[in-house]
Protein chains: 2
Amino acid sequence: MNTGTKRSHQREAIILYLKGRKDHPTAEKIYTDLKEEMPNLSLGTVYRNLSLLSDTGQINKLSFAGKTDHFDADTSPHYHVLCEKCGAVEDLNMPYDYSMDENAGNLYEGIITSHSTVFTGICTNCCRNGEII
Amino acid sequence: MNTGTKRSHQREAIILYLKGRKDHPTAEKIYTDLKEEMPNLSLGTVYRNLSLLSDTGQINKLSFAGKTDHFDADTSPHYHVLCEKCGAVEDLNMPYDYSMDENAGNLYEGIITSHSTVFTGICTNCCRNGEII
DNA sequence: TATAATAACAGTAATAATTACTATTATTTT
DNA sequence: AAAATAATAGTAATTATTACTGTTATTATA
């Protein structure tokens with residue numbers, strides 16, 4: 001019998017790495033960090049596995065204007081904060097508002113299944129450091 | 001005296017074009033469409049002006065996972081629907097919820113200034129055509 | 001109105017992010 | 001243990017975007 005997919009140390013390292021962090025690293029960041037323990041890891045392998053994991057719903061790809069994609073191993077619905085000073089992407093501990101999908105669905109002739117919200121502002125760290133935009 | 005910026009037919013054509021449509025075209029789409037009336041328009045000029053207009057707040061750059069950027073001449077706060085079947089980006093006629101920013105600000109140690117929400121689903125057209133994901 | 005200053009342009013080259021290709025290696029099935 | 005094949009490393013190619021350069025267009029001022 002054929003499962004169609006085989007495990008690999010590389011893929012498992014990638015998902016383990018992602019699950020172990022709260023920031024939302026880019027493909028490049030994942031690559032350079034993992035390369036320390038897997039010296040002949042290839043950047044293409046990282047991209048291929050991120051796509052595969054994203055396509056199978058095991059991780060999420062996050063997209064922001066003018067920034068390269070970030071990846072998140074937490075696939076439960078939640079919101080993000082993007083710092084316009086330093087570019088950091090953080091989780092926001094605010095309950096996902098399912099009623100927004102309902103409301104949107106009632107106003108829209110097509111089908112609404114979910115929403116993705118990114119808050120913009122200045123992150124805790126940059127505020128502490130007294131940064132102004 | 002020096003204003004620092006000079007008008008150009010190209011830039012005015014770009015913003016006029018964007019204001020005249022409700023979809024949210026990509027740089028490439030803007031370029032190919034405008035090239036018909038301005039045959040020696042350059043793609044670099046389109047990108048340069050989209051950046052300039054975006055930086056000065058005259059238009060907005062929209063970013064979606066796995067898609068190239070789209071541009072919107074409507075800078076008032078509003079929501080979008082992304083069709084996961086055909087990739088279309090439409091406006092959603094639903095009032096911008098300022099209370100979300102308040103709520104987020106109360107829960108977050110940093111500063112929240114705004115939010116950007118994209119609803120995902122199947123657009124009116126694809127629904128009409130009986131498309132299933 | 002003509003001239004000078006310079007922003008913007010077209011066209012092209014360069015860069016950055018991502019994907020595709022290929023021979024080899026690792027995993028899984030039999 | 002052998003056969004089948006998914007995944008890899010390394011490299012090449014592609015795509016989206018930005019940078020460069022000599023020329024053109026716009027604007028300020030004489």
Side-chain angles (χ1 to χ4, degrees), chain A residues 1-18 23-56 58-72 82 87 89, chain B residues 1-18 23-56 58-72 82 87 89:
Chain A
M1 191 260 193
N2 190 347
T3 59
T5 174
K6 288 175 179 169
R7 317 172 68 178
S8 80
H9 295 302
Q10 290 84 344
R11 180 155 57 242
E12 273 157 34
I14 289 167
I15 194 154
L16 204 67
Y17 170 88
L18 265 184
D23 63 344
H24 306 78
T26 62
E28 190 72 37
K29 169 74 172 159
I30 296 167
Y31 169 67
T32 50
D33 280 4
L34 285 180
K35 198 162 175 70
E36 287 182 26
E37 42 184 272
M38 304 179 105
N40 49 3
L41 176 67
S42 170
L43 181 56
T45 295
V46 173
Y47 273 108
R48 183 164 21 76
N49 279 298
L50 288 174
S51 293
L52 189 155
L53 293 167
S54 181
D55 289 347
T56 55
Q58 298 177 261
I59 65 173
N60 275 130
K61 186 192 268 192
L62 310 179
S63 224
F64 308 97
K67 290 171 66 73
T68 184
D69 288 338
H70 290 240
F71 293 89
D72 189 350
L82 170 63
V89 179
Chain B
M1 191 258 192
N2 190 348
T3 59
T5 173
K6 288 175 180 169
R7 317 172 68 178
S8 80
H9 294 302
Q10 289 85 343
R11 179 155 58 242
E12 272 157 34
I14 289 167
I15 195 155
L16 204 67
Y17 170 89
L18 266 184
D23 64 344
H24 306 77
T26 61
E28 190 71 38
K29 169 75 174 158
I30 297 167
Y31 169 67
T32 51
D33 280 3
L34 285 181
K35 197 161 175 71
E36 287 181 27
E37 43 185 272
M38 303 179 104
N40 49 4
L41 176 66
S42 170
L43 181 56
T45 295
V46 173
Y47 273 108
R48 183 163 24 76
N49 279 299
L50 289 173
S51 294
L52 189 155
L53 292 167
S54 181
D55 290 346
T56 55
Q58 298 177 262
I59 65 173
N60 274 130
K61 185 192 271 192
L62 310 178
S63 223
F64 309 97
K67 291 171 67 73
T68 183
D69 288 338
H70 290 240
F71 294 89
D72 189 351
L82 171 63
V89 179

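Below, chains carry the letters A, B, ... as their sequence lines are ordered, and counting in each starts from 1.
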Would you find a donor on one side and an acceptor on the other, under 3.5 Å apart, between the side chain of B:Arg11 and the backbone of B:Arg48?
-> no
Is there a donor-acceptor pair under 3.5 Å between the side chain of B:His24 and the backbone N or O of B:His70?
-> no
How many Å lie between [atom1] on [X] and [atom2] on [N], as a whole number?
| X | N | atom1 | atom2 | answer |
| --- | --- | --- | --- | --- |
| B:Leu50 | C:dA8 | CG | P | 14 Å |
| B:Leu52 | D:dT18 | CG | P | 13 Å |
| B:Asn49 | D:dA19 | CG | P | 15 Å |
| A:Lys6 | D:dA6 | NZ | P | 6 Å |
| A:Arg7 | C:dA26 | CZ | C1' | 13 Å |
| B:Asp55 | C:dA8 | CG | P | 13 Å |
| B:Glu12 | D:dT27 | CD | C1' | 13 Å |

Rounded to the nearest 0.5 Å, the OG1 atom of B:Thr45 sits from the CG atom of B:Leu52 at a distance of 11.5 Å
Supply the atom-to-atom distance A:Tyr31 OH to A:Leu50 CG, rounded to the nearest 0.5 angstrom.
-> 13.5 Å
Indicate whether OP1 or OP2 belonging to [N] is found under 4.0 Å from a side-chain N or O atom of [X].
| X | N | value |
| --- | --- | --- |
| A:Arg11 | D:dA7 | yes |
| B:Ser8 | C:dC9 | yes |
| B:His9 | C:dC9 | no |

Side-chain contact, heavy-atom cut-off 4.5 Å: B:Gln58 with B:Ile15?
-> yes
Could you pull out all residues at least two apart from A:Tyr17 that satisfy side-chain contact (heavy atoms from CB on, under 4.5 Å)?
-> A:Arg21, A:Pro25, A:Lys29, A:Ile30, A:Asp33, A:Leu34
Any chance you could list the contact pattern along nucleotides 10-23 of chain C? Use B for base contacts, S for sugar-phosphate-only contacts and - for none, protein heavy atoms under 4.0 Å, 5' to 3'.
-> BB-----SBB----
